[in-house]
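Following: one structure in C-alpha cells, then a few remarks.
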Amino acid sequence: MLAIKYGASALGLVSEMPSGPGVIDDELIKEIISKVPPPIATFLLTSKQNADEIISQHFKTRTNTLQLVDHLPQSELIKLKEKLPEIKLVQVIHVLGEHSIDEAISVQNFVDALLLDSGNPNLDVKELGGTGRTHNWEISRKIINAVKIPVFLAGGLNPKNVREAMETVQPYGLDICSGVRSNGNLDEMKLNLFFKEVNIYNNNI
C-alpha cells in the first residue's frame, strides 16, 4: 500500500532466489495479490527455468505478470505463452556487455517486455536482482533502440541517480528495489524522494 500511495503502477513480488533481498514465499505472495487493487499490475519474480515449474508457481500465486529473472530456452518461453496466454512475460536481461544487446534481440519475439538489470547469472551463486549496482546505461540505451517491445530499467536506481538514468536510457518504466529500502524494509522517505525525482523529470519533458 505504501508503494501504491507514492505512485507505483506495479508491485514486484520476489519468490525463491539464489541470492538478493525481499524474498517471500508463494503463500504470502498469493495473500498480497488478493489485496492489490486494480489497475495495479502484479509481477511474480521467478528464478525457475522450466516452463512447467513456472506454470505451477503461477497457479499458486496468481499474479498477472511473470518476471523471468534467469535465462529460459525459447522452447520454454513458447510453452509459457501457449499455456498462459493471458499472462504477460517480462524477460530480465542482465547487462554484462555488448553481447547483452544480441541476447535482447533474440528473445524479443517471445515475450511482452524486457527488463534490464545488473545481476550476473554466470556466478557460482547467481545474482539475479537486488544487487544495488548500476550497469552501463549506454548499452541499455542501445538495447532500447534495437528492440520493438517495451523495456524497463532496473539496477542500482535511487533518488540521486534516477533522473540521470531516465535521461540517458529513456526506458518505458523503472524497477526499483534496494534504492528505496533501509535495513531490508521499504523506506517511506526514500520512496517519497524517488517519486519526486521521477515526477520532476516527467514534468520537464
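This one's a predicted model, so the numbers in the text were calculated from it and none came from an experiment. All residue numbers in this chain count up from 1 along the given sequence.
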How many angstroms lie between [atom1] in [X] and [atom2] in [Y], if you round to the nearest 0.5 Å?
| X | Y | atom1 | atom2 | answer |
| --- | --- | --- | --- | --- |
| N145 | I101 | CG | CD1 | 9.5 Å |
| L45 | L115 | CG | CG | 8.0 Å |
| R163 | N202 | CZ | CG | 11.0 Å |
| L44 | I87 | CG | CD1 | 10.0 Å |
| N161 | N158 | CG | CG | 4.0 Å |
| I54 | K79 | CD1 | NZ | 10.5 Å |

Is the count of non-hydrogen atoms from other residues, nucleotides or ligands lying under 6.0 Å from [X] atom [atom1] greater than 12?
| X | atom1 | value |
| --- | --- | --- |
| K88 | NZ | no |
| Q170 | CD | yes |
| M1 | CE | yes |
| K30 | NZ | no |

Donor + acceptor pair across side chains of Q57, S15 (<3.5 Å) | yes
Judged by modelled atom types alone, do S118 and H94 share a side-chain donor-acceptor pair under 3.5 Å?
-> no
Would you call E27-K60 a salt bridge at under 4.0 Å N-O?
-> no
N-O pairing of R62 and D26 below 4.0 Å | no
Say whether [X] and [Y] are linked into one hydrophobic cluster, either directly or through other cluster members, by side-chain heavy-atom distances under 4.5 angstrom.
| X | Y | result |
| --- | --- | --- |
| V107 | V90 | no |
| L153 | M166 | yes |
| L191 | V14 | no |
| I149 | I78 | yes |
| L174 | W137 | yes |

Is there a side-chain contact between [X] and [Y] (heavy atoms, below 4.5 Å)?
| X | Y | value |
| --- | --- | --- |
| K81 | F110 | no |
| Q108 | K148 | yes |
| I33 | T63 | yes |
| K160 | E197 | no |
| S178 | T131 | no |

Show your reasoning for whether side chain to side chain contact (heavy atoms under 4.5 Å, CB included) applies to D175 and Q67.
-> CA-CA 11 Å; D175 178 18; Q67 183 169 320; 3.7 Å; yes
Using every non-hydrogen atom in the two residues, find where [X] and [Y] come nearest and quote the distance to one decimal.
| X | Y | value |
| --- | --- | --- |
| P150 | Y172 | CB-CG, 3.7 Å |
| P121 | L128 | CB-CD2, 3.9 Å |
| V169 | S140 | CG1-CB, 3.9 Å |
| D70 | S47 | CB-O, 4.1 Å |
| A8 | I40 | O-CD1, 3.4 Å |
| G179 | P159 | O-CD, 3.8 Å |

How far apart are the C-alpha atoms of D52 and K83, what are their side-chain angles, what is the distance that settles it, and do they pass the salt bridge (charged side-chain N to carboxylate O under 4.0 Å, His left out) test?
-> CA-CA 9 Å; D52 287 334; K83 299 292 186 181; over 6 Å; no
Side-chain donor/acceptor of [X] to backbone N/O of [Y], under 3.5 Å:
| X | Y | answer |
| --- | --- | --- |
| S34 | E31 | yes |
| Q91 | L68 | yes |
| D112 | L89 | yes |
| E127 | S19 | no |
| T42 | L11 | no |
| E53 | K48 | no |
| N192 | E188 | no |
| Q74 | S106 | yes |

Could you walk me through whether N122 and L96 pass the side chain to side chain contact (heavy atoms under 4.5 Å, CB included) test, one step at a time?
-> CA-CA 10 Å; N122 301 320; L96 297 171; 3.6 Å; yes
Please report the C-alpha distance between L116 and F152 in whole Å, then the side-chain angles of each, then the deciding distance to 0.1 Å, and finally whether the side chain to side chain contact (heavy atoms under 4.5 Å, CB included) criterion is met.
-> CA-CA 6 Å; L116 309 180; F152 295 89; over 6 Å; no
Could you go through the side chain to side chain contact (heavy atoms under 4.5 Å, CB included) check for I24 and I32 one step at a time?
-> CA-CA 11 Å; I24 54 178; I32 292 170; 3.8 Å; yes
